[in-house]
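Shown next, in structure tokens, is the structure this report addresses.
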Amino acid sequence: MRVERLPYEELPEATRQAVADRVGEDCPRVDMDNGTGSALASLFFPPGAEKQFIKGLPLDHERVEELEAEAAVNPFLPACAPKMLWRTEAGGWLLVGFQGVTATPWAWFAGSSDHLEPIATVLRELSVSPAPEMVLRTPWDRWGDYCDPADERLLAGDRLVHSDPAASNFMIGENSRVWLTDWAWAMRGPAWIDTALWGMRLVLDGWQAPEQAARWAQTVPAFASAPREAVRVLTEAEARSWEAWQKYGMTELDETITAARAWAALWR
């Protein structure tokens, strides 16, 4: 579910004061247009200090647990994740401040993009990163409803998984440094899952043919050596999950479903 942005001026006074306590009164800011999970998502520029990216949701919002999860996992994440600076509750809102970074607002996934190799490098590094003990969510928790129960073992593992490698969650900074944001759905699973999901996003966000996306995915050794049956199960479940969201009433998913189906078909 997409969260509607609330103009900063309409936040409760206590919430705005909590932000001001961290960045200063009348701090310059830029409100973000991309992203769907926060009612507040703004980059602040405190005079004489480092930038801060602040996200927020009302404490009674149905998606506040995702922001809580993102804050909880952050201290255990690799260097590609912007660091959490603080977390507070004020005016009935949860606020989380992150390291602000200088980077593109998202990555370019087209086949000719010079962003692809740096992102593949991060996926290689992530594929060998053990999941922190506090990360308990698994791929089966997310995709199990769209799989045969006998296939649960194919999606088990102990690596750290981001689980949403969309173009909008990657930012490219100076010297092609890659930042990977929005870790609300971090999980523990097989080393190849993020790359399998990235392949679908190359088709959707980068308009690549599935075969071209597969060539990029196979530059990640964990994916290149993944059991084909496991990749088939995951990609099919991902396609089914988007189809289910459409049936639930989520709109504007036709292109996503077409891309997910084309990517899944490659692994049958």
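Side chains are part of it too, since the values below use all heavy atoms of this structure and drop only hydrogens, waters and symmetry mates.
- A donor-acceptor contact shorter than 3.5 Å links the side chain of Asp141 to the backbone of Thr138.
- Linking ILVMFWY side-chain heavy atoms closer than 4.5 Å, directly or via other members, places Val122 and Phe76 in a single hydrophobic cluster.
- Distance check: Glu229 CD to Asp151 CG gives 6.0 Å after rounding to the nearest 0.5 Å.
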After noting the C-alpha distance and the side-chain angles of Trp245 and Thr256, does the key distance pass the side-chain contact (heavy atoms from CB on, under 4.5 Å) rule? CA-CA 11 Å; Trp245 278 113; Thr256 303; over 6 Å; no
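- The closest side-chain heavy-atom distance from Pro78 to Leu160 is below 4.5 Å.
- Scanning both residues, Val161 and Gly189, for their nearest heavy atoms gives CG2-N, 3.7 Å.
- Between Pro210 and Val203, the shortest heavy-atom distance links the atoms CA-CG2, 3.9 Å.
- With no hydrogens or angles considered, a side-chain donor-acceptor pair links Glu238 and Trp242 at under 3.5 Å.
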side-chain contact (heavy atoms from CB on, under 4.5 Å) for Leu155 and Cys147? Distances and angles first, verdict last. CA-CA 10 Å; Leu155 302 185; Cys147 301; 4.3 Å; yes
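- Clustering ILVMFWY residues whenever any of their side-chain heavy atoms sit less than 4.5 angstrom apart, transitively, puts Leu85 in a cluster other than the one holding Leu57.
- When every heavy atom of Pro139 is checked against every heavy atom of Pro190, the shortest pair comes out as CG-CD, 4.1 Å.
- Listed for the Thr88 side chain is no donor-acceptor partner under 3.5 Å among the backbone atoms of Leu95.
- At a cut-off of 3.5 Å, with distance as the only test, a side-chain donor of Thr121 or Glu117 sits close to an acceptor on the other residue.
- Counting non-hydrogen atoms of neighbouring residues, nucleotides and ligands closer than 6.0 angstrom, the CD atom of Glu65 reaches no more than 12 such neighbours.
- Residues Trp263 and Leu202 form no side-chain contact, since every pair of their non-hydrogen atoms from C-beta on lies 4.5 Å or further apart.
- A donor-acceptor pair is defined here as one N or O able to donate and one able to accept, closer than 3.5 Å; such a pair exists between the side chain of Thr181 and the backbone of Asn169.
- Residue Trp140 holds its CH2 atom at 10.5 Å from CZ of Arg153, rounded to the nearest 0.5 Å.
- Scanning both residues, Asn74 and Pro82, for their nearest heavy atoms gives ND2-O, 2.9 Å.
- Criterion: ILVMFWY side-chain heavy atoms under 4.5 Å apart, direct or through other members. Under it, Val96 and Leu11 are not part of a common hydrophobic cluster.
- In terms of modelled atom types and a separation under 3.5 Å, the side chain of Arg188 and the main chain of Asp158 share no donor-acceptor contact.
- Criterion: ILVMFWY side-chain heavy atoms under 4.5 Å apart, direct or through other members. Under it, Val19 and Phe45 are not part of a common hydrophobic cluster.
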I'd like to know whether Phe170 forms a side-chain contact (heavy atoms from CB on, under 4.5 Å) with His115, so could you lay out the CA-CA distance, the side-chain angles of the two residues, the decisive distance to 0.1 Å, and finally the verdict. CA-CA 10 Å; Phe170 287 101; His115 292 177; over 6 Å; no
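- Listed by chain and number, the residues in a side-chain hydrogen bond (donor to acceptor under 3.5 Å, both in side chains) with Arg137 amount to none (sequence neighbours excluded).
- For the pair Met200 and Thr235, the minimum side-chain heavy-atom distance is 4.5 Å or more.
- With salt bridges taken as basic N to acidic carboxylate O contacts below 4.0 Å, none links Arg63 and Glu4.
- Put simply, CG on Leu126 and CD1 on Ile193 are 11.5 Å apart, with the number rounded to the nearest 0.5 Å.
- A heavy-atom distance below 4.5 Å is not found between the side chains of Asp164 and Leu197.
- Rounded to the nearest 0.5 Å, atoms CG (Leu40) and CG (Asp31) are 7.5 Å apart.
- The two residues Ala226 and Val231 make their nearest non-hydrogen contact at CB-CG2, 3.9 Å.
- You'll find the side chain of Asp254 reaches within 4.5 Å of the side chain of Gln246, heavy atoms only.
- There is a side-chain donor-acceptor pair under 3.5 Å between Glu25 and Gln17.
- Between Glu68 and Arg87 the shortest side-chain heavy-atom distance falls below 4.5 Å.
- Residue pairs meeting the side chain to side chain donor-acceptor pair (under 3.5 Å) criterion with at least one member in residues 46-60, sequence neighbours excluded, are Lys51-Thr102, Gln52-Trp86, Lys55-Glu70, Lys55-Asp182.
- In terms of heavy-atom proximity, Ala103 sits nearest to Met171 at CB-CB, 3.7 Å.
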Check the pair Ser42 / Ile54 against side-chain contact (heavy atoms from CB on, under 4.5 Å), numbers first and verdict last. CA-CA 5 Å; Ser42 298; Ile54 300 178; 5.6 Å; no
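- In the hydrophobic clustering of ILVMFWY residues, with side-chain heavy atoms under 4.5 Å counting as a link, Trp179 and Phe44 come out apart.
- Between Val220 and Asp194, every side-chain heavy-atom pair lies at or beyond the 4.5 Å cut-off.
- Taking the six-membered ring where the residue is Trp, the centroids of Tyr8 and Trp93 are separated by 6.0 Å or more.
- A donor-acceptor distance shorter than 3.5 angstrom exists from the side chain of Ser113 to the backbone of Trp108, with no hydrogens or angles considered.
- Leu136 contributes atom CG, which lies 7.5 Å from atom CE of Met134 (distance to the nearest 0.5 angstrom).
- For the pair Arg240/Arg261, a side-chain contact is recorded, criterion being any heavy-atom separation below 4.5 Å from C-beta on.
- Identified under the side chain to side chain donor-acceptor pair (under 3.5 Å) test for residues 198-220, with sequence neighbours left out: Arg124-Thr219.
- A distance of 10.0 Å separates OG in Ser176 from CD1 in Ile119, rounded to the nearest 0.5 Å.
- The backbone N or O of Ala186 lies less than 3.5 Å from no partner atom in the side chain of Ser163, so there is not a single donor-acceptor pair.
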